[in-house]
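Following: one structure in C-alpha cells, then a few remarks.
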2 protein chains.
Amino acid sequence: MSSIPVTPLSTATHAMGERPLRADAQRNREAILAAAEAEFQAYGADACIDGIAERAGVGVGTVYRNYATKDELMRAIMKAHVEPMLAAARASLEDADAGAAFLTFLHQIASESCSFKALADTLAGAGLDIDSAKQEMVGELMGLVREMFARGQAAGTLRRDVTAEDVSALMQGLSHTVNVCEDDRQVARCVDLICDALRTPQAARPA
Amino acid sequence: MSSIPVTPLSTATHAMGERPLRADAQRNREAILAAAEAEFQAYGADACIDGIAERAGVGVGTVYRNYATKDELMRAIMKAHVEPMLAAARASLEDADAGAAFLTFLHQIASESCSFKALADTLAGAGLDIDSAKQEMVGELMGLVREMFARGQAAGTLRRDVTAEDVSALMQGLSHTVNVCEDDRQVARCVDLICDALRTPQAARPA
DNA sequence: TACTATACGGAACGGAGGTTCCGCTTGTCA
DNA sequence: TGACAAGCGGAACCTCCGTTCCGTATAGTA
C-alpha cells in the first residue's frame, strides 16, 4: 500500500507587508505545529491543548496566540494531510483503469487514516456535527470519491447496484474501524473485503 | 429484516425479604426506566442524566437513588436489548444453513442497532475503554459470532481467508455507520455489501 | 390525625477541557 | 544599554456532566 507524502506544514510567518515574527515566537510556532501534529496523530480529535502545549514546551496562552481555537489548529494540520489525498484523488481520475484506481484510493485513504488518527476521526464524523471547514475538506474528498466510483462503474469494474452514498457510509464505518483496530494490517484486510464487495462478479479478483 | 423482540424491562421492585417500594417510588422507578430507554435510544451513550430525569419528571437525585451510576442504568437497559440478541445467536447456531444463519444475524444486529443507538455505541466502542459489564456482554456476543462464522466457513458458505477478527472489526465499523446514516435502509444495504464480501464465490447470491 | 421512615428535588460539588486575561519577560532596535 | 513593543506563562474562568447531599414532602401506619 503506497502512502501519500504529506506536504510539510507551512511555517511561513508573515505575508508581505506584515512585520516578521520575533525569533522566539517563530521557534514556538514551529514547536506548536510539530507538537500538535504528533498529538493529533496519536489521539485524533481527542488530543487536548494542554498536551500540545506541554509537548511544545510552551504555555497554553502561546498556543492560542497562534491559533484562535483548537479547531483552527486541527484544521491547519488536517489540511496538510487532506490536500495530498485530494491531489491523489484527482490524479486517479486520469487513470486508465478506473475501477482499480478507485480501489487503490480506498486503500490509500485507509492507510493515511491509520497513521494520522485525526483524519480517521474527521472522516468518521463526516455525518455528525464537525465544523464547516472540515465539512468542506471532507465534502471535496467525497465528491471526488463519487466521481471515481462512477467512472469505475462505467468501466464495468464496480457494481452498478451500489450508490455513492453506500460507499460513503462504508468509508465512514471504515474510519471508525481504524480507531478501534490496533493492527494496521487488519484494517487493510477489511478494506480488501469491502473492495471485494464493490467489484462486479466479472471483475472479481481470483480467490 | 426480522427484528428481535425486546423483553420488557423488569420492574420487579424487591427480592423476597426486602420491603416493598413505596407506591410513588415504584411509579418513579418505572418512569425513569422508560425515560432512560427513550433517551439512550435517541442519543446513544451521549444521553445525559439531566435529560433522563426531566423526561421522567423527577429530579436527578431520584434517578441516582435507583441506579448508582449512569453506567449501571445504561447496563440495565442494554441487557434487555442484548439478551434477546444472544438468544437469537444461540438459536442460529442450531440452524441447518450455517452460512445463511450468520448473515441473517448480521442484519438483525444492525437493525437492532438502528433502533437503539446505545447498542450501536457499545458495539462500536468494543475495542475502546467501555466498562467491564458492557465488555462482557459484547464479549459473549462476539464469541457467538465467532462460532457462527466458523460454522458458516465449515459449511462452505463463508470465505475461509477471513478471520473472526476481521468480521469483528467490520461489525464495529458498521456500528459507527449506524450512528452516521439517517436512513436505516442504507445501513441495510451496507450490511448486504459486507455479507457479499464474506460469502465464498460459490455461495455468491445471483446479481 | 399524627408520626416517621421513605423518598424527593435540585442546588452544589468536582473534574475535565477549551478559552481568556494580565502581569512579567525578552528580543529588537536606536 | 535602555526603552518598549512583542511575546510569554499559566492561573483563572467557563461550560458541561456525572455525582452527592441535605432540607423538605409524603405514603403508610397506628
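All heavy atoms count here, side chains included; hydrogens, waters and symmetry mates do not. Reminder, nothing fancy here: chain letters follow the sequence lines and each chain counts from 1.
- Taking atom NZ on A:Lys70 and atom C1' on C:dA16, their separation rounds to 12 Å, with Å as the unit.
- Under a 3.5 Å cut-off, the side chain of B:Gln41 and the backbone N or O of B:Phe116 do not form any donor-acceptor pair.
- Of the candidate nucleotides D:dC8, C:dT6, C:dT20, C:dT20 has the atom lying nearest to any side-chain atom of A:Tyr64.
- With hydrogens and angles disregarded, a donor-acceptor distance shorter than 3.5 Å links the side chain of A:His176 to the backbone of B:Ala124.
- The CG-C1' distance, from A:Leu73 to C:dG18, rounds to 12 Å in whole Å.
- In summary, of the residues considered (A:Ile77, A:Leu73, A:Ile32), a side chain to side chain contact (heavy atoms under 4.5 Å, CB included) with A:Glu37 occurs for A:Ile77 alone.
- Toward the 5′ end of DNA chain D lies the nearest nucleotide of A:Gly61, the other residue of the pair A:Gly61 and B:Gly61 mapping further downstream.
- What separates CD1 of A:Ile32 from P of C:dG18 is a distance of 15 Å, to the nearest Å.
- No contact: A:Asp50 has no heavy atom under 4.0 Å from any strand.
- The backbone N or O of B:Cys181 lies less than 3.5 Å from no partner atom in the side chain of A:Glu165, so there is not a single donor-acceptor pair.
- Rounded to an integer number of Å, the gap from A:Met74 CE to C:dG17 P is 16 Å.
- The separation between B:Tyr67 atom OH and D:dT20 atom P is 17 Å, rounded to whole Å.
- Neither OP1 nor OP2 of D:dG7 sits under 4.0 Å from any side-chain N or O of A:Thr62.
- Side-chain nitrogen and oxygen atoms of B:Asn28 include none within less than 4.0 Å of the OP1 or OP2 phosphate oxygen of C:dA7.
- For A:Leu21, counting side-chain heavy atoms from C-beta on, the closest listed nucleotide (C:dT19, D:dT20, D:dG7) is D:dG7.
- In this structure, B:Thr69 and B:Arg27 both approach DNA chain D, and ranking their closest nucleotides by distance from the 5' end singles out B:Thr69.
- Side chain of B:Val60, nearest nucleotide from C:dT28, C:dG10, C:dT19: C:dG10.
- In terms of heavy-atom proximity, A:Gly173 sits nearest to B:Thr177 at CA-OG1, 3.3 Å.
- Nearest nucleotide to the side chain of A:Ala23, out of D:dG18, C:dT28, C:dG9: C:dT28.
- Contacts of A:Gly51 with the nucleic acid, taken as non-hydrogen atoms under 4.0 Å apart, are absent.
- Atom pair A:Ile52:CD1 and C:dG17:P shows a separation of 12 Å (rounding to whole Å applied).
- Minimum atom distance to the side chain of A:Ile49 is reached by C:dT19, of the listed D:dG9, C:dT19, D:dG7.
- For B:Val58, counting side-chain heavy atoms from C-beta on, the closest listed nucleotide (C:dG9, C:dT26, D:dG28) is C:dG9.
- Taking atom CZ of residue A:Arg29 and atom P of nucleotide D:dC8, one finds them 11 Å apart after rounding to whole Å.
- A donor N or O paired with an acceptor N or O is not found under 3.5 Å between the base of C:dA7 and the side-chain atoms of B:Arg22.
- If you check D:dG9, C:dA7, C:dG18 against the side chain of B:Arg65, the one that comes closest is C:dA7.
- Residues B:Leu141 and B:Phe105 are in side-chain contact: their nearest non-hydrogen atoms beyond the backbone lie under 4.5 Å apart.
- If B:Gly59 and A:Asp24 are placed on DNA chain C by their nearest nucleotide, the residue sitting closer to the 5' end is B:Gly59.
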